[in-house]
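Read through the structure below, which is laid out as structure tokens, and then see the notes.
Each chain gets a letter, A, B and so on, in the order its sequence line appears, and its residues count up from 1.
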Protein chains: 2
Amino acid sequence: MVDSVVFNGSELLLLDQRLLPHKTKIVKCKDEHETATAIKDMVVRGAPAIGITAAYGMALAENPEKAAQVLKAARPTAVDLANAVEYMLNEIRKGADAKKAAVEWHEKIRESTRKISEYGAALLKDGSTVLLHCNAGPLATGAYGTSLGAVLEAGKTKQLMVYVDETRPRFQGALTASELRAAGISHKVIVDSAAGLLLKQGSIDAVMVGADRIVRNGDFANKIGTYPLAVVAKENNVPFYVLAPFSTFDFSIENGDQIKIEQRSEDEVLKIGKQAIYQKGTSAYNPAFDVTPAKYVTAYVSEYGVARGISELQGQFRRG
Amino acid sequence: MVDSVVFNGSELLLLDQRLLPHKTKIVKCKDEHETATAIKDMVVRGAPAIGITAAYGMALAENPEKAAQVLKAARPTAVDLANAVEYMLNEIRKGADAKKAAVEWHEKIRESTRKISEYGAALLKDGSTVLLHCNAGPLATGAYGTSLGAVLEAGKTKQLMVYVDETRPRFQGALTASELRAAGISHKVIVDSAAGLLLKQGSIDAVMVGADRIVRNGDFANKIGTYPLAVVAKENNVPFYVLAPFSTFDFSIENGDQIKIEQRSEDEVLKIGKQAIYQKGTSAYNPAFDVTPAKYVTAYVSEYGVARGISELQGQFRRG
């Protein structure tokens, strides 16, 4: 497994995910400002990995209270970021060693995603075909992964076929393809809008996605395109699984309408690298996430197990 | 209006749509072979424009019976191609002047799409926001257009906002954006998977698409991504309109399951221009079309008017 987030005791070393799978480059962060910039610019991405990065950013800060503001402002939708920062603030206020606390957060996520991968893998039968949207494996979680983690775990003992959504505008499908390739799991890339045809023609046994924020009623935010995928999966009776660790849950928010959706640069849509696809002056609308209502979710998979519905999930959390 | 297909009496002049909106280049075809290649390579695209092109290709052929085979094999899904070739074969067998017959086919499509644009425009209220997928305007029809034709017509007298699906893998959204821009109609480009969010948040008043083949029960093939768009539109009670001329109808086929879906090159997905998005050896699945069942269609718009359901449409056709 490649470590996308590494802390060497004095610096944070991030694998620059913008250049993968073509180039391997490490970005070093010495303080909370460099860390926040790396999160904002998507050197590091994936909700759990952003959270881990922010925890280390807090450990590198001189003034934790100010650093918390800087880091939380980097990206608004993935709650892992805020949850990690709040955890660190609490630990620091209690007098804990900040670096040790950050390592502990990372370990907690690692252990949670290890369990999620196992619980998720058990949902996939030998011979299954899985559809993945965006990238939620080791790179995105700084650990085992969530949706892709489950596929990688299942792929150790079962024959799988994976369709990989390219995930416009940033093509995170290329990261997923490279991680599946490294694991020797069969896969094909599709444009996002081809998922409908596959679901309709019965080619898909399960859709698995990660999440950026799951709220109290079970609605969740995830990469743009997750919502239409969930609607079409349900229309065709294909199981739709959401896999996420404790750090992605936000029970302070009642429902999905209250989740803030990050708007990103128009150029992510209008250009590919430096190549302009549109005439100069063309505008784009570029929401990075959408919100999927709980009614489309077959089951949530967390470190506490598989929950068929939000009340079962909340029960697992209370007991956990 | 730009003419994408022009016949000068001895040669067919096609506007190379692969280079638009950045470069204007004309591809000349002297015979049916060059014409078939231009269709296959998508110099010309859009079901009605392909049909017109094929009609002229027949007019340029020495042996019409052989030419019919060559031209029909160029692309399998858009029935306009086969319908135009069959029309030409019949006219030629009856002893008609082939060039005159081809010009008449073009005129018929022009008149049909003019009416479709007017009937479609009447469905859009002042202040409406419309979602378009792929490109079905003047370029794609060699005439007025279908879905985009309706928007261009409505835009002459009404204030509109148009969201333009980029339409991966070939970014036909760039053609739509350029045609809207030329007409001075407000628009923004989105990645295909962002349409779900817009439909869910109530931002869209109508979805309008063209078609490549509409069969007897009302199921229809259109650009990949049309089916999930139709499902999500229905889920959110947003009207979903299919606009197409007589040449796109194929009542010889019972239902959508029998429509042959063209598979195109993996490189359309894996590369942007010459830029590889994926590691070498990565595979893609690239169906060019999907099939949308009739139950998701609010109304069909043809030159005979607006039909709310396939039986109304068939009645209009019988009377027409």
Which atoms of K280(B) are under 4.5 Å from chain A, going by heavy atoms: the side chain, the backbone, both sets, or neither?
backbone
Working for side chain to side chain contact (heavy atoms under 4.5 Å, CB included), residues Y241(A) and V130(A):
CA-CA 11 Å; Y241(A) 300 113; V130(A) 186; over 6 Å; no
Sorted by number, residues from residues 281-290 of chain B in contact with chain A (heavy atoms, under 4.5 Å):
G281(B), T282(B), S283(B), A284(B), Y285(B), P287(B), F289(B), D290(B)
Do the rings of Y227(B) and Y296(B) sit parallel, tilted or perpendicular, given the 30° and 60° boundaries?
perpendicular
Using 4.0 Å as the upper bound for N to carboxylate O, is an ion pair formed by K260(A) and E262(A)?
no
Among T141(A), V43(A), L139(A), L175(A), the one residue meeting side-chain contact (heavy atoms from CB on, under 4.5 Å) with S4(A):
L139(A)
Give me the contact list for residues 185-200 of chain B versus chain A, heavy atoms only, anything under 4.5 Å, ordered by residue number.
H187(B), K188(B), V189(B), I190(B), V191(B), D192(B), S193(B), A194(B), G196(B), L197(B), L198(B), K200(B)
Against chain B, work out which of L270(A), V231(A), I277(A) has the most heavy-atom pairs shorter than 4.5 Å and name it.
I277(A)
Is there a side-chain hydrogen bond (donor to acceptor under 3.5 Å, both in side chains) between N135(B) and T176(B) once you walk through the steps?
CA-CA 5 Å; N135(B) 174 260; T176(B) 300; 3.1 Å; yes
Output the option from T292(B), V269(B), L229(B) having the highest count of non-hydrogen pairs under 4.5 Å with chain A.
V269(B)
Select one option (side chain, backbone, both, neither) describing which atoms of Q201(B) are under 4.5 Å from chain A's heavy atoms.
side chain
Distance in Å, T146(B) OG1 paired with L148(B) CG, rounded so as to fall on 0.5 Å steps
8.0 Å
Trace of the side chain to side chain contact (heavy atoms under 4.5 Å, CB included) decision for M208(B) with H133(B):
CA-CA 7 Å; M208(B) 289 190 155; H133(B) 189 65; over 6 Å; no
When you check the side-chain N and O atoms of T248(A) and D80(A), is any donor under 3.5 Å from an acceptor?
yes
Under 4.5 Å to a heavy atom of chain B? For Y278(A) that would be both
Minimum heavy-atom separation for D219(A) to G256(A), with atom names?
OD2-N, 2.9 Å
Chain A: which of G173(B), P169(B), A177(B), G273(B) shares the most heavy-atom pairs with it under 4.5 Å?
P169(B)
Can you spot which of V162(A), V207(A), V164(A) makes a side-chain contact (heavy atoms from CB on, under 4.5 Å) with L131(A)?
V207(A)
Does a side-chain N-to-carboxylate-O contact under 4.0 Å join E179(B) and R181(B)?
no
Examine whether an atom of E166(B) lies under 4.5 Å from a heavy atom of chain A, and if so say whether it belongs to the side chain, the backbone or both; otherwise answer neither.
both
Value for CG (L14(B)) from CZ (R18(B)), rounded to nearest 0.5 Å, stands at 10.0 Å
Crowding at NZ, K271(B) (>12 non-hydrogen neighbours, <6.0 Å):
no
Is R168(A) close to chain B through its backbone or its side chain, or both, or neither, when contacts mean heavy atoms under 4.5 Å?
both
